[in-house]
Amino acid sequence: MSITVDVPTNASDQPHVFPSGGVEPAACVTEAELAAQLVGDARQVRVLTGDRPTGPLHLGHYLGSLRNRVRLQNAGAEMFVLVADYQVITDRDASAGIADFALGLVADYLAVGIDPARSTVFAHSAVPALNQLLLPLMSLISVPELERNPTTKAEAAASGRPALSALMLTYPVHQAADILFCRSDLVPVGRDQLPHLEVTRTVARRFNTRYAPVFTEPRALISDAPSVLGSDGAKMSKSHGNTIPLQATADQTASIIKGFKTDTDRHITFDPALRPEVSNLLLITALCRGQDPAALAEQIGDGGAAALKRAATEAVNEHLRPIRERRAALAGERGYLSAILRRGAERATVEAEATLAQVREAMGMAY
Ligand code: ATP
Ligand code: MG
């Protein structure tokens, strides 16, 4: 179930699937396919992924995306990690506390193993050329296409606001600019992001057809936990108050997991379609332990939800302990965390300006 992407001793013997050369690109890659395709060497892969600074990162981020980012970074991929600060104001009026959340994200990244010496960690508001890419990209997709996007609809509904803001509607195109400015091949995301990634692929393809082949069409990397559920049985989300934050204490974690919704069948089975909440706890526990969730269900058997929750609490606390220790040590280091973002923005700006120059040239605008 877990991937191994250790750098091989003789990397040049290994086949390279990314970027697009050789193998027909599909829209998605699973963890298992990643392991098979990369065969330990990700040095030709460019990866971008990011998070909104709307609260502390949680177990859904970790199992859905962060673990794969770290694996790819450690296998040699060129990694861009985005603090998507402009996307905070898509579904809320104010951005109160955004600086704390942004620096908190950086601390979370470092705690899970993102290395700022190897990965570019930046906020997109600090990269003007990236944002300028939004203009040509917006010309390549229609308003009805954006209005049909199921994730945008769900997020708009969850925001509780009476009308969709133009920024919310165009959020997937902004995300396309995020992904395309650095020519990323692979985007480790949760399942909720697949419709957005499709927008990126669409505008990249249309740009290439209309002007010149500037962009590769990136693929989503979908983890073994593409949609971790929260305590209420809905997708674990920062803004839903249903999360296990990475930085929670062991006691807080125990109390959060105690409150997780389960069902009335005492016999524990792994059945994601019919028993989503129980299966979610099994999957979380199994991934933290490096075990198969169905085998774990058999072990717990008639122990019921109480035994399942005990196992989940123990596994999560055990797995997150070193991450939490690193996170706690970084918490007061605001100057250091800001400097990482500033350096990241400089590096991202070089990439974005080069891509924008190529885009303007392709459009005949290089006067
Ligand atoms: P918000 O409530 O502010 O939208 P969020 O918890 O949904 O926050 P995002 O910043 O929107 O988090 O998502 C960042 C990345 O983490 C995306 O790639 C998303 O797909 C992934 N992700 C978020 N929640 C989960 C989850 N519960 N399971 C798997 N992946 C997730
Ligand atoms: Mg979200």
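Any value given below was found using the heavy atoms of this structure, including those in side chains, with hydrogens, waters and symmetry copies removed. First listed ligand is number 1; within each ligand, the first listed atom is number 1.
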Is the backbone N or O of Ser159 less than 3.5 Å from a side-chain atom of Asp91, with the two atoms forming a donor-acceptor pair by type? no
Going hydrophobic residue to hydrophobic residue with side-chain gaps under 4.5 angstrom, can you get from Leu103 over to Val127? no
Would you tell me whether Asn208 and Arg205 have side-chain atoms, one donor and one acceptor, within less than 3.5 Å of each other? no
If we only count N/O pairs under 3.5 Å, is Ser239 in contact with ligand 1? yes
Before accepting this row, confirm whether a basic side-chain N of the pair Lys309/Glu314 lies closer than 4.0 Å to the acidic partner's carboxylate O. no
Below 4.0 angstrom from a heavy atom of Gly50, which ligand 1 atoms are there? Numbered from 1 as shown, please. 14 (C), 15 (C)
Would you check if there is a donor-acceptor pair between the side chains of Lys235 and Ser227 at a distance under 3.5 Å? no
Donor + acceptor pair across side chains of Arg69, Ser65 (<3.5 Å): yes
Look at the side chain of Thr49 and the backbone N and O of Pro188, then say whether any donor-acceptor pair between them is shorter than 3.5 Å. yes
of all protein heavy atoms, closest to atom 28 (N) of ligand 1 is Val228 N, 2.9 Å
Leu133: which of Val203, Asp178, Leu356, Val173 passes side-chain contact (heavy atoms from CB on, under 4.5 Å): Leu356
For atom 20 (O) of ligand 1, which candidate among Asp91, Asp192, Val189 provides the closest heavy atom? Asp192
Just let me know how Thr54 lines up against ligand 1, side chain, backbone, both or neither, with a heavy-atom cut-off below 4.0 Å. side chain
Which residue holds the protein heavy atom closest to atom 8 (O) of ligand 1, what is that atom called, and what is the gap in Å? Lys238 NZ, 3.0 Å
Please list the nearest protein heavy atom to atom 22 (N) of ligand 1 with its residue and the distance rounded to 0.1 Å. His61 CD2, 4.0 Å
Report the member of Ala84, Ala225, Gly60 with the shortest heavy-atom distance to atom 30 (N) of ligand 1. Gly60
Suppose we call two aromatic rings close when their centres sit under 6.0 Å apart. Are Tyr171 and His196 close by that rule? yes
At a 4.0 Å threshold, what atoms of ligand 1 neighbour a non-hydrogen atom of Gly64? 29 (C), 30 (N)
Atom 15 (C) of ligand 1: the protein heavy-atom neighbour that sits closest, reported with distance to 0.1 Å: Asp51 OD1, 3.5 Å
heavy-atom search around atom 21 (C) of ligand 1 in the protein gives Gly190 N, 3.9 Å
Residue that, paired with Thr90, satisfies side chain to side chain donor-acceptor pair (under 3.5 Å) out of His174, Glu155, Arg52: Arg52
For Ser227, atoms of ligand 1 separated by under 4.0 Å from a heavy atom: 28 (N), 29 (C)
Mind checking whether Phe122 and Tyr109 have ring centres under 6.0 Å apart? no
Please confirm whether Gly230 comes under 4.0 Å of ligand 1, counting heavy atoms of the residue only. no
For atom 7 (O) of ligand 1, what's the nearest protein heavy-atom neighbour? Residue, atom name and distance, please. Lys235 NZ, 2.9 Å
For ligand 1, which atoms, with element, lie under 4.0 Å from some heavy atom of Pro226? 28 (N), 29 (C), 30 (N)
At what distance is the nearest protein heavy atom to atom 4 (O) of ligand 1, and which residue and atom is it? Arg52 NH2, 3.3 Å
Could you check atom 17 (C) of ligand 1 against the protein and tell me its nearest heavy-atom contact, residue, atom and distance included? Gln193 CG, 3.8 Å
Could you tell me if any non-hydrogen atom of Arg191 lies under 4.0 Å from any atom of ligand 1? no
